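Note that this is a predicted model, so its numbers are computed, not measured.
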Amino acid sequence: IINMRRRNGKRRRGAAAVELAVLLPFLMFVFVIAVDWARGFYFSVTLTNVARQGAIYGSDPVAAAQSPYTSVQQAALADAVNLTPPPTVTSRNGADGAGNPYIEVTANWRFSSITNFPGVPSSQLIRTVRMRVAPILPK
C-alpha cells in the first residue's frame, strides 16, 4: 500500500474526498449531457426509420396492396411506437431529372431534452427519405 505523504511526512487525510467533492458536479454535468445526447441520437435514428418505412411502403405498389396498412402515414407510424406524441408524417410524389418517379416521406417530431443547459436545446427533428418508385410490370 502506497501512503500519500507530504514532504514533511504528514499524511494527506481526506484529499481524495475533497477532490471528489470538487469534481462531482462536473462529472454529473457531463453525465447528464451524455444522456441527453444519447437520447437525441436514439430518437433521430428512430425518426429516420419512420421515414424509411413510409418510403418503402410507397415505393412498391405491389407490396403496398398486400400490406396491412392503408396509407404511407399508417405504415410509417407503425415504426414509431416509442415516440410520444407520434411524429407528423407527410409524403409527396415527384419525378427526378431523368423522369423516374419517386416518393419522398418526411417525418417531423419535437425532441425535448431533459436539461435546459446551453448547447443542448430542445429542437425539431426532421428526417426525409426519398425512394424511387418501382415500376409495375405486366404479368
Side-chain angles (χ1 to χ4, degrees):
I1 298 176
I2 299 173
N3 287 332
M4 305 207 47
R5 297 181 182 266
R6 294 175 143 198
R7 289 184 183 175
N8 60 8
K10 293 183 180 178
R11 296 181 73 182
R12 294 178 48 197
R13 295 181 191 260
V18 171
E19 290 171 359
L20 178 65
V22 170
L23 288 177
L24 192 59
F26 175 73
L27 293 175
M28 291 303 295
F29 173 75
V30 169
F31 177 75
V32 169
I33 294 297
V35 167
D36 257 353
W37 183 85
R39 286 179 66 244
F41 182 77
Y42 172 77
F43 289 131
S44 174
V45 169
T46 301
L47 202 61
T48 301
N49 290 339
V50 166
R52 184 179 302 124
Q53 187 68 22
I56 288 171
Y57 175 88
S59 69
D60 189 358
V62 175
Q66 299 171 356
S67 172
Y69 307 114
T70 58
S71 68
V72 170
Q73 287 77 15
Q74 191 180 25
L77 290 175
D79 215 28
V81 293
N82 56 349
L83 297 178
T84 304
T88 305
V89 177
T90 58
S91 64
R92 71 180 187 92
N93 294 321
D96 62 9
N100 298 316
Y102 66 82
I103 184 166
E104 191 172 84
V105 178
T106 301
N108 187 350
W109 189 68
R110 175 106 177 130
F111 171 70
S112 298
S113 62
I114 297 172
T115 61
N116 292 325
F117 290 120
V120 186
S122 296
S123 63
Q124 288 292 120
L125 293 177
I126 301 170
R127 296 294 180 262
T128 301
V129 173
R130 179 186 285 188
M131 198 169 287
R132 216 173 135 184
V133 176
I136 299 176
L137 298 176
K139 292 183 179 184

At their closest point, which heavy atom of Leu77 faces which heavy atom of Pro86, and how far apart are they? CD2-CB, 4.3 Å
Would you compute the distance between atom OG of Ser112 and atom CG of Asp36 and round it to the nearest 0.5 angstrom? 10.0 Å
Can you give me the closest heavy-atom contact between Val133 and Gly58, atom names plus distance? CG2-O, 4.2 Å
Apply side chain to side chain contact (heavy atoms under 4.5 Å, CB included) to residues Arg39 and Ile114 and explain how you reach the verdict. CA-CA 9 Å; Arg39 286 179 66 244; Ile114 297 172; 3.5 Å; yes
Is it true that Arg127 and Ser44 share a donor-acceptor pair across their side chains at a distance under 3.5 Å? yes
Pairing residues for Phe41 by the ring pair (Phe, Tyr, Trp, His ring centres under 6.0 Å) criterion, not counting sequence neighbours: Trp37
With sequence neighbours left out, what residues match Arg132 under salt bridge (Lys or Arg N to Asp or Glu O under 4.0 Å)? none
Among Ile126, Leu47, Val89, Thr88, find the residue that satisfies the side chain to side chain contact (heavy atoms under 4.5 Å, CB included) test when tested with Thr106. Ile126
Just how far is it from atom CH2 of Trp109 to atom OG1 of Thr84, taken to the nearest 0.5 Å? 7.5 Å
Non-neighbouring partners of Thr46 that pass side chain to side chain contact (heavy atoms under 4.5 Å, CB included), sequence neighbours left out: Tyr42, Asn82, Leu83
Where do Gln73 and Thr90 come nearest, in terms of heavy atoms and distance? NE2-CA, 4.2 Å
Ignoring hydrogens, what is the shortest heavy-atom contact between Ala51 and Val129? Give both atom names and the distance. CB-CG2, 3.7 Å
Roughly how far, to the nearest 0.5 Å, is CG of Asp79 from CZ of Arg52? 9.0 Å
Quick check: closest heavy atoms across Gly54 and Val105, and the distance to 0.1 Å? C-CG2, 3.7 Å
Is there side-chain contact between Ile103 and Arg130, with at least one heavy-atom pair below 4.5 Å? no
Distance check, rounded to the nearest 0.5 Å: Asn100 atom CG versus Asp96 atom CG? 4.5 Å
Ignoring hydrogens and geometry, is there a side-chain-to-backbone donor-acceptor pair from Gln74 to Thr70 under 3.5 Å? yes
Let me check something: do Met28 and Val35 share a hydrophobic cluster, defined by ILVMFWY side-chain heavy atoms less than 4.5 Å apart, either directly or through other members? no
Pairwise distance CZ(Arg92) to OG1(Thr128) - rounded to 0.5 angstrom: 9.0 Å
Which pair of heavy atoms, one from Val50 and one from Ala107, lies closest together, and at what distance? CG1-CB, 4.0 Å
Tyr102/Glu104 under side chain to side chain contact (heavy atoms under 4.5 Å, CB included): CA gap, chis, key distance, verdict: CA-CA 7 Å; Tyr102 66 82; Glu104 191 172 84; 4.1 Å; yes
Which class fits the ring pair Tyr69 and Tyr57: parallel under 30°, tilted 30 to 60°, perpendicular over 60°? perpendicular
